[in-house]
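Convention: sequence-line order gives letters A, B, ...; per-chain numbering from 1.
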Amino acid sequence: MNTAVHLPQDPEITPEVIAAHGITPDEYERIEKILKRKPNFTELGIFSVMWSEHCSYKNSRPELKKFPTTGPTVLVKAGEENAGVIDIGDGWAVAFKMESHNHPSAIEPFQGAATGVGGIIRDIFTMGARPVFNLNSLRFGPISSKEEATPANVRHNRRLFSGVVAGIAHYGNCIGIPTIGGEVYFDESYEGNPLVNVFCLGILKHEQIARGAASGIGNPVFYVGAETGRDGLAGAAFASRELTEESKQDRPAVQVGDPFKEKLLLEACLELLATDAVAGIQDMGAAGLTCSTCETASRGGTGVEIDLEKVPKREAGMTPYEILLSESQERMLIIVHKGKEDIVRAIFEKWDLPHAEVGVVRDDGIMRVKAGDVVVAEIPARELADEAPIYHREATPRPAPQPLEVIPPADLQSALPALLADPTLASKEWIYRQYDHMVRIGSAVRPGSDSAVFLVREANKILAATSDCNATYCALDPREGARIAVAEAARNLACSGAIPLAVTDNLNFGNPHKPENFWQLRESVEGLAEGCNAFDIPVTGGNVSLYNESPAGAVDPTPTVGMVGLIEDESHITASFFRTPGDAILLLGDLGNEMGGSHYLKVLHGRKAGVPPKVDFTKERALHDTLRTLIREGLIRSAHDTSEGGLALALAESCIGGEGEAFGAEIDFGTTGLQPEVLLFNESQGRIIVSVDAAHADAVLAKAQESGIPARRIGQVSAASSPLTIAADGRKVEWAVDDLRRTWSGAIAECMSN
Amino acid sequence: MKAAVIRFPGSNCDQDCHYVLAHHYRIETDYVWHKESTLSGYDLVILPGGFSYGDYLRTGAIARFSPIMKAVSDYAAGGGLLLGICNGFQILTESRLLPGALVRNRSLHFICENRHLRVENNDSPFLSTTEVGQVLNLPIAHGEGNYTADEATLAQLEASGQILLRYSDAAGNVSPETNPNGSLSNIAGITNASRNVFGLMPHPERACDPRLGSTDGTFLFDSILKTLGVTADA
Amino acid sequence: MKARVTVMPKKSVLDPQGVAVRDAALHHGLPEVRSIRIGKWLEIDLDDSAASDPNLEARLHEICKDLLSNPVIEDYELKLEA
Amino acid sequence: MKARVTVMPKKSVLDPQGVAVRDAALHHGLPEVRSIRIGKWLEIDLDDSAASDPNLEARLHEICKDLLSNPVIEDYELKLEA
Ligand SMILES: Nc1ncnc2c1ncn2[C@@H]1O[C@H](COP(=O)(O)OP(=O)(O)O)[C@@H](O)[C@H]1O
Ligand SMILES: [Mg+2]
């Protein structure tokens with residue numbers, strides 16, 4: 001192999017330069033072995049981004065192998081391409097995936113979140129799919145404060161929160177993809193290191209699946225989309241380090257997104273993919289041109305040669321290093337069948353987008369980068385893309401959580417409003433009102449219910465989607481917490497009448513070099529895998545974000561689950577809110593008694609402690625199947641799972657969460673023998689509150705019991721604006737639902753207006 | 001009857017409008033690309049919602065210069081029915097096909113939710129199947145829906161019944177509390193003096209399918225069809 | 001050569017952004033603020049060939065009126081520099 | 001007294017708005033335009049009492065950095081007038 005030249009402006013390769021690139025001495029040795037010589041500066045930069053955790057998953061890959069990724073509906077497996085593809089019948093398929101933009105959002109919340117959305121959308125249309133909806137899963141430090149003068153940290157958390165929401169809205173609204181759901185939690189552990197996980201789903205016909213391989217020796221390689229600037233230089237490497245005070249100086253690593261350009265790029269790429277011109281297509285995400293070039297070559301088993309002088313540039317005087325590592329947004333690489341170049345040019349002219357033929361597919365397995373006649377980098381593509389070192393990190397278990405001895409009491413009357421006013425449990429309307437959640441005329445169940453339900457008109461299919469993860473449980477017991485995340489997502493789908501199809505996940509953890517963090521990662525992955533196996537659903541892909549730490553320590557382990565389900569018939573679409581006074585209210589599942597990790601303890605007593613609830617997958621599945629059967633038989637008016645805040649919170653939400661007037665409810669649990677706080681606020685899994693026509697109540701109870709599901713009638717829906725009353729063991733508490741609604745719906749807005 | 005949906009770069013409700021006309025109403029509907037310069041044979045032209053040119057500079061400011069806009073204004077001058085929804089309304093005010101301007105919502109936030117709208121005047125091809133005082137429930141989704149105009153313009157709009165829709169509550173009361181965005185006099189939609197051009201911020205195309213909550217958008221499309229003497233087979 | 005344009009909301013038009021920023025400034029250590037108005041600032045870089053056109057300034061005013069500002073709600077000011 | 005602040009996107013940062021407006025200007029009677037960058041222009045009206053505070057300028061710089069601009073992607077310029 002030739003030696004790529006040393007460019008006069010480039011620094012010499014010294015141990016310091018190597019270390020500054022985050023490359024260890026062992027890794028450097030491996031690079032020399034692959035190249036059979038020393039790398040030049042540009043090549044070192046290329047290796048550093050390709051071998052960063054963000055691109056190579058070098059710390060997590062052995063763990064990710066534990067996920068189930070196959071199944072009869074899997075058309076493209078996780079990891080094979082940019083996103084997995086799942087069959088939904090009648091020749092249609094969905095591609096979906098979740099992606100994090102945590103560190104960029106910590107530094108610049110608006111642009112960081114916006115470009116996260118842009119990135120995940122590109123991942124989806126690269127597959128040939130038309131994006132149809134987005135979700136988002138967010139974590140911030142606390143935004144509420146009881147103090148007279150709001151402390152600076154709370155003010156900062158609010159600023160991050162409002163910037164992130166505005167950024168997601170900016171990008172998603174402009175490009176015209178509805179954001180129909182998500183989740184948000186506020187917790188001390190995310191202070192200084194918020195989590196911003198964004199999800200996109202697209203729809204395509206089986207035969208439209210596009211591949212990211214550079215195939216066909218001699219085929220031209222096109223660059224399309226925005227010009228390359230010095231944006232986000234080495235952002236991938238940046239995402240793979242801890243946030244420190246100095247990283248605020250890493251400021252050029254922030255990129256600015258242009259959703260308008262992405263909209264044009266999306267339409268142009270889908271128009272082009274409908275022709276027969278494309279041999280392969282790959283978005284430029286982290287590590288931009290570098291990553292797309294070597295990955296397409298590696299997938300195609302080919303080589304790719306590009307000339308940087310032909311790359312459209314925004315700024316003059318960019319070095320090869322800068323061009324290759326730039327993370328400018330809204331760009332794609334397209335391998336075109338020779339002879340069809342004019343089709344590409346015509347379409348990109350029509351959409352007024354920059355385009356250039358920058359290279360060619362070769363048969364030598366080499367990623368060769370030239371600047372005119374000068375070869376500036378020459379690296380075996382497969383070794384670069386796929387042979388990053390793999391690390392088997394050390395794992396040390398954290399001490400097991402201690403069971404709670406006593407459950408501290410609270411004033412029941414004020415405990416429920418206090419929980420409803422907690423920003424994590426309060427209405428998320430302040431957020432989703434800023435998102436266009438109705439464009440594409442498909443939102444049959446809007447944000448606010450257990451799952452969002454979307455009518456995909458082009459395919460005549462009904463999809464449901466949710467994202468879930470209670471990281472408090474994960475902090476106490478990462479395996480059980482991850483299992484619950486899967487169970488809760490599946491339960492949310494069941495409550496909307498859907499059958500789960502597949503899962504995407506986003507693993508947000510601290511520095512994996514710390515054995516306790518790595519243990520959390522491993523436990524969580526195994527927990528997620530157990531959950532997916534239990535529900536027989538494959539993982540279609542996801543994202544790993546490590547090094548989520550601030551000076552105060554690692555974030556709570558947060559293995560976010562995004563789950564998509566299919567609703568077979570529009571009559572099965574179900575929402576969480578009571579609909580008709582007089583309907584009977586039933587509880588499917590037990591009364592429960594697990595208080596460990598509960599929101600009750602956290603919000604009312606400031607404790608994150610105890611053993612979190614256990615999930616029993618066999619019972620859970622039977623519960624979901626039974627609920628779906630009842631829904632199919634037309635017996636269910638509303639269904640809402642109980643999660644954070646327990647039965648009391650779920651009942652209150654069913655009363656006040658709908659769009660019309662708030663309903664009251666009269667609830668009587670009879671004799672339970674439970675401490676009232678435990679009855680109302682425990683977070684045991686496997687429970688769903690349904691409302692049914694009173695005339696059907698007995699039939700529903702009988703059917704549930706036949707399937708082995710504990711079921712009881714606990715009360716009835718009462719007229720709009722009548723109170724919510726809950727009685728048990730000779731005591732009765734009453735709340736005015738209009739007050740509850742005011743507290744719940746205004747809580748976040750109130751924090752944000754201060 | 002034949003309808004056209006104009007596609008500007010950044011339009012994103014074009015497919016929704018097309019869907020409602022072509023599938024719900026089974027009307028022959030074309031997309032017309034903004035680089036076209038002619039527009040003939042159409043009985044209805046829609047400027048759809050979205051973010052034409054990214055909403056850069058001002059909403060609708062750049063789209064107004066698209067080649068097709070000359071044809072659109074000729075079509076309107078000839079009395080053709082022209083409907084601007086959301087960004088389409090913004091383009092109409094920037095083009096001076098409708099008076100006034102749409103500026104940033106008072107809260108500075110984008111707002112997406114259903115809203116009640118009182119029909120102020122039904123004497124137009126666009127709302128002839130409604131009653132004055134009737135309350136419609138339609139989605140809004142915009143960051144710049146705050147209608148503004150000088151006093152003389154407002155007086156003129158009032159005097160000649162050009163204000164067709166106002167933000168209200170479910171009972172039809174119009175007050176500052178029922179104003180989502182700071183719009184002058186709660187204005188949600190206006191027509192021109194000759195009543196063939198209608199711009200509104202709410203999205204009627206998002207309210208034509210009962211599964212989406214409200215079907216009040218059909219009043220608007222039904223009215224247009226009635227005016228054109230078409231019986232919908234929807 | 002360069003042109004600089006400021007575009008400001010007309011005095012009679014409500015400037016919700018200006019009001020919001022003023023309120024924030026009031027609370028963040030600037031109690032003396034009476035009002036803030038927010039407009040746009042544009043730096044236009046022109047080819048030197050433009051200098052030779054005697055109509056340049058008139059053409060720039062056209063662009064300011066038609067594109068860069070909306071006379072219904074905004075006023076502008078144009079400055080040309082060599 | 002008055003303060004005037006311009007806030008501009010940093011030179012190295014993408015200004016998608018400027019690019020879109022430049023393209024529009026190119027096609028609409030200004031073929032000589034090379035680039036347009038668009039920022040904000042703020043007119044801050046202060047109570048005259050402010051004039052007596054020797055720290056006023058420093059406090060204004062604080063506000064410029066914290067509130068009026070985003071130092072990650074923007075630069076600002078502050079001018080005080082009597
Ligand atoms: N960041 C967000 N973006 C959009 N919708 C959200 C967001 N956070 C929460 N929601 C919506 O608010 C509702 C309640 O969320 P959550 O409390 O997480 O529900 P659950 O506990 O049932 O999973 C859901 O419909 C959810 O989609
Ligand atoms: Mg739920």
Side-chain angles (χ1 to χ4, degrees), chain C residues 1-9 11 15 17-53 55-69 74-80, chain D residues 1-9 11 15 17-53 55-69 74-80:
Chain C
M1 65 185 301
K2 278 193 192 315
R4 289 171 204 282
V5 180
T6 50
V7 178
M8 288 300 280
K11 287 267 149 53
D15 170 21
Q17 202 187 352
V19 173
V21 173
R22 186 210 51 200
D23 291 349
L26 274 176
H27 291 115
H28 291 92
L30 200 66
E32 302 97 328
V33 65
R34 280 203 300 225
S35 78
I36 299 188
R37 297 189 67 77
I38 305 186
K40 293 190 196 101
W41 169 252
L42 295 99
E43 292 180 1
I44 304 177
D45 197 9
L46 296 164
D47 206 280
D48 293 332
S49 68
S52 59
D53 178 3
N55 279 326
L56 177 69
E57 194 157 346
R59 277 163 56 222
L60 282 170
H61 276 292
E62 281 300 306
I63 290 263
C64 284
K65 266 181 277 185
D66 283 356
L67 176 68
L68 303 183
S69 77
E74 295 166 326
D75 297 320
Y76 74 89
E77 231 181 274
L78 166 71
K79 270 191 207 128
L80 258 178
Chain D
M1 69 185 298
K2 279 195 191 312
R4 290 171 201 281
V5 181
T6 51
V7 179
M8 289 299 282
K11 283 268 148 51
D15 173 21
Q17 174 162 248
V19 174
V21 175
R22 182 207 54 199
D23 291 347
L26 267 179
H27 291 116
H28 298 100
L30 200 65
E32 303 96 329
V33 65
R34 282 203 299 225
S35 79
I36 300 187
R37 295 186 70 77
I38 304 185
K40 275 185 273 190
W41 167 252
L42 296 100
E43 293 181 3
I44 305 178
D45 198 8
L46 296 163
D47 205 280
D48 292 333
S49 67
S52 58
D53 177 3
N55 278 327
L56 177 69
E57 193 158 346
R59 278 162 55 221
L60 281 170
H61 276 290
E62 280 302 305
I63 293 263
C64 284
K65 267 181 273 186
D66 284 356
L67 193 66
L68 306 184
S69 78
E74 294 168 329
D75 295 323
Y76 73 89
E77 230 182 274
L78 167 70
K79 269 189 206 130
L80 258 178

- Query: Any idea which heavy atoms bring D/Leu30 and C/Arg59 closest together, and the distance?
  - Reply: CD1-NH2, 3.9 Å

- Note on the structure: Nearest heavy-atom approach of D/Ala24 to C/Leu67 is CB-CD2, 4.1 Å

- Message: So, taking the atom named NE2 in C/His28 and the one named CG in D/Leu68, what distance separates them when rounded to the nearest 0.5 Å?
- Response: 11.0 Å

- Message: For the NE2 atom on D/His61, are there more than 12 heavy atoms of other groups (residues, nucleotides or ligands in this structure) within a distance under 6.0 Å?
- Response: yes

- So which part of C/Leu46 gets closer than 4.5 Å to some heavy atom of chain D, the side chain, the backbone, both or neither? both

- Task: Heavy atoms only, distances under 4.5 angstrom: which of C/Ser49, C/Gly18, C/Gly29 has the most pairs with chain D? Name it, please.
- Result: C/Gly29

- To the nearest 0.5 Å, atom CH2 of D/Trp41 lies from atom CD of C/Glu77 at 8.0 Å

- Note on the structure: Bottom line for C/Thr6: the part with an atom under 4.5 Å from chain D's heavy atoms is side chain

- Give the member of C/Asp45, C/Val5, C/Asp47, C/Val21 that has the highest number of heavy-atom pairs under 4.5 Å with chain D. C/Asp45

- Task: Sort out for me which of D/Met1, D/Lys2, D/Glu62, D/Met8 touches chain C most, counting heavy-atom pairs under 4.5 Å.
- Result: D/Met8

- Query: From D/Ile44 CD1 over to C/Arg22 CZ, what is the distance, rounded to the nearest 0.5 angstrom?
  - Reply: 12.5 Å

- Give, as side chain, backbone, both or neither, the part of D/Leu42 having an atom under 4.5 angstrom from any heavy atom of chain C. both

- Task: Considering non-hydrogen atoms only, spot the tightest contact between C/Ile38 and D/Lys40 and give its length.
- Result: CG2-CD, 4.1 Å

- Output for pair (C/Arg37 CZ, D/Arg4 CZ), nearest 0.5 Å, gives 12.5 Å

